[in-house]
Amino acid sequence: MPDLVTLTGVGVSPGVGAGPVVRVVDSVPEPRTGPGAGSPEEEFAAASAALEDVAADLEDRGRRAGGEAQHVLEAQAMMARDPDLAMQIQQRTQAGTNAARAAYEAFGITREMLLTLGEYFAARVTDLDDIRNRTVARLLDVPAPGIPELTEPSILVAMDLAPADTALIDKSMVLAFATQEGGPTSHTSILARNLGIPAVVGCPGVRELAPGTRVLVDGSNGKVVVDPPDDLVARLAGVDEKRRAALAAVGNAPGTTSDGHAVPLLANIGGPEDVAKAVENGAEGVGLFRSELLFLDRTDAPSEDEQHGLYRQVLEGFSGKKVVVRTLDAGADKPLPFLPFGEEPNPAMGVRGLRICMQAPDIMHTQLTALARAAEGLDTELWVMAPMVADVYEARWFREACRKAGLKAKIGTMVEIPAAALRAEHLGAVAEFFSIGSNDLTQYTFAADRQIGAVARLQDAWQPAILDLVAATTEGGAANGIPTGVCGEAAADPALACVLVGLGVNTLSMSAGALPGVRAALAAHTLDDCKQAAHAARSAVDAEVAKAAARACLPALEELGL
Ligand code: PEP
Ligand code: MG
């Protein structure tokens, strides 16, 4: 179909939807500078009242939506009530600026700060912009941004959708949505997955689509097709139907190939708030608890007691199961304001991951002690691993640190640096398990920064070089009788998950939403199918050929729409 106009973004919530475009109002006019009608005190009072109204409205929407959306909206309401923000506004109204302009400028300062804090915080900028727009709209008395009244089932198109809008989406009227901005870790994407609405984000060109244009949003492949022919819509809808049926059929059964080779399927989590979703999706434990998320938005390190409380909540959520906690993995795209390391010209290669803790051992000791206490008296199996281990010296250092803290846990090593994979046999003599961080392993193997879109082609775990390193790791692990898991994004791709199992990987860990697809893919193939797919992929010359060759060995994927 050569004439089809197709826009490409990132598919963040699988499924397809086709219908007319409705544009979301996403801007309010920039307020003029200069004084307002009232005194500085009256202008400040007006801004404070508008912020409070916005916060209360967000909380109200949260109560109506419930679940994870309530969490997100309550966090947004807290941003609206931030005392620093109020202070910034007051400084401006005192200096004679009108309320709307003062609020607008004060939000700008917080926005700049979030943007400099790295990937995780930059994703919160959308939330902040939404609060600013709602506040300014109130103060200027213009319509608030948001989703217009829908009169027929539609496709929402926006610059970016605010969580406040996403949370209250009427699923019978919104067939799918596509946004120009946003990434897979934005709240909008998280909520879309929760709601089960097909979504594509980061899709240049969608904002130019005229209202009423018929489009098809393919959230599985990250495509938006303009004026799609009926047969294409029918075909993709059929594939989606099959996918849903396949996922429903396998339910929440433990991960296994069709011939009974068990592959425990675990969840990646960031804190206690992710436990429920993991359990709901049948996670057989946690394969990666990104503990650094507890440290990121703070000006000082969390105390031992505070950490203990959070770890305890997570461990209690997986009674009788395994929880793999990764120790603090900060630096590079996750800077910590309280660490004494200055600017680095190339932070991905600087003091990050375990290297930070080797230079600031007290931070690690506090964390390990909190973990040891948290596991006391519980029947949850605690496993602890260090990120970014480069060699045997570092693996030994970590093992020693765990022992000093009195940790009764299996002590493992993440394999995210090619040197570690190549020397897995030696590392395996020190570690009790391996967990491959395929995101970083790919970044370091291809010298391609994971944050830079221009080198995204190389950020692909289907690259045969990565598969070789996975094989080297599982072989090194097997030689020492220790298991190897994968906890990077590679494990979440149903086809690649089968290949990883064929390469000898023992467990797979992924975000909770990806568990059903991987479970269904494994259940439809034998271990031998997986081994053949792995062999075919490793024999390929590049990522594209590897993927096609592997999929040819895994025919049920096509049938299942995976
Ligand atoms: C990885 O690198 O694959 C990984 C799991 O760790 P993170 O994505 O948190 O760096
Ligand atoms: Mg990593």
Side-chain angles (χ1 to χ4, degrees), residues 118-123 183-185 189-190 265-271 274 278 283 285-296 323-336 347-357 367 383-390 394-395 398 412-421 433-452 455-456 458-463 465-467 469-470 473-474 484-493 496-497 500 503 505 507-515 518:
E119 192 189 353
Y120 285 89
F121 290 98
T185 56
S189 304
I190 296 167
L265 299 179
L266 312 166
N268 291 353
I269 65 167
D274 296 333
V286 170
L288 170 64
F289 176 4
R290 287 187 162 101
S291 67
E292 65 277 0
L293 301 187
L294 311 174
F295 289 64
L296 285 180
V323 171
V324 185
V325 181
R326 169 173 75 190
T327 54
L328 179 66
D329 183 22
D333 62 330
K334 294 174 269 187
L336 291 185
M349 303 239 187
V351 184
R352 59 159 301 198
L354 180 64
R355 298 166 187 183
I356 287 186
C357 292
Q367 181 172 34
W383 292 28
V384 178
M385 64 185 182
M388 294 285 299
V389 173
E394 293 184 353
F398 181 63
T413 287
M414 283 193 79
V415 176
E416 317 190 82
I417 299 180
F433 67 96
F434 287 143
S435 182
I436 299 176
S438 55
N439 309 334
D440 276 317
L441 186 61
T442 310
Q443 150 164 277
Y444 293 118
T445 303
F446 285 95
D449 192 318
R450 41 194 284 202
Q451 297 203 88
I452 296 183
V455 292
L458 295 166
Q459 259 298 326
D460 186 346
W462 278 102
Q463 290 273 9
I466 301 301
L467 305 179
L469 291 173
V470 170
T473 310
T474 58
T484 298
V486 173
C487 63
E489 285 308 302
D493 170 338
L496 191 45
L500 295 172
L503 292 171
V505 166
T507 57
L508 297 167
S509 191
M510 62 208 78
S511 56
L515 286 163
V518 170

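Numbering of ligands and ligand atoms starts at 1, following listing order. Hydrogens, waters and symmetry mates are skipped; everything else that's a heavy atom, side chains included, is used.
- Counting only N and O atoms by type, the side chains of S511 and N268 include no donor and acceptor under 3.5 Å apart.
- When only modelled atom types and interatomic distance are considered, Q443 and D440 share a side-chain donor-acceptor pair under 3.5 Å.
- Near L288, with a cut-off below 4.0 Å to any heavy atom, the atoms of ligand 1 are 5 (C).
- Inter-residue side-chain proximity for F446 and Q463 is flagged as met; some heavy-atom pair is nearer than 4.5 Å.
- A donor-acceptor contact under 3.5 angstrom links the side chains of S291 and Q367, judged on distance only.
- Every heavy atom of E489 sits 4.0 Å or more from the atoms of ligand 1.
- Annotation for ligand 1: atoms under 4.0 Å from non-hydrogen atoms of C487 are 5 (C).
- With a 4.0 Å cut-off on non-hydrogen atoms, L441 does not touch ligand 1 at all.
- A salt bridge does not link D274 with R290: none of the charged nitrogens is closer than 4.0 Å to a carboxylate oxygen.
- For D329, every N, O or S atom stays at 2.8 Å or more from the Mg ion (ligand 2).
- Using modelled atom types, one side-chain atom of T474 and one backbone atom of L503 make a donor-acceptor pair closer than 3.5 Å.
- Taking every non-hydrogen atom of G488 and a distance limit under 4.0 Å, the qualifying atoms of ligand 1 come out as 3 (O), 5 (C).
- Close approach of ligand 1 to E416 is summarised as follows: ligand atoms under 4.0 Å from at least one heavy atom of the residue are 1 (C), 2 (O), 4 (C), 6 (O).
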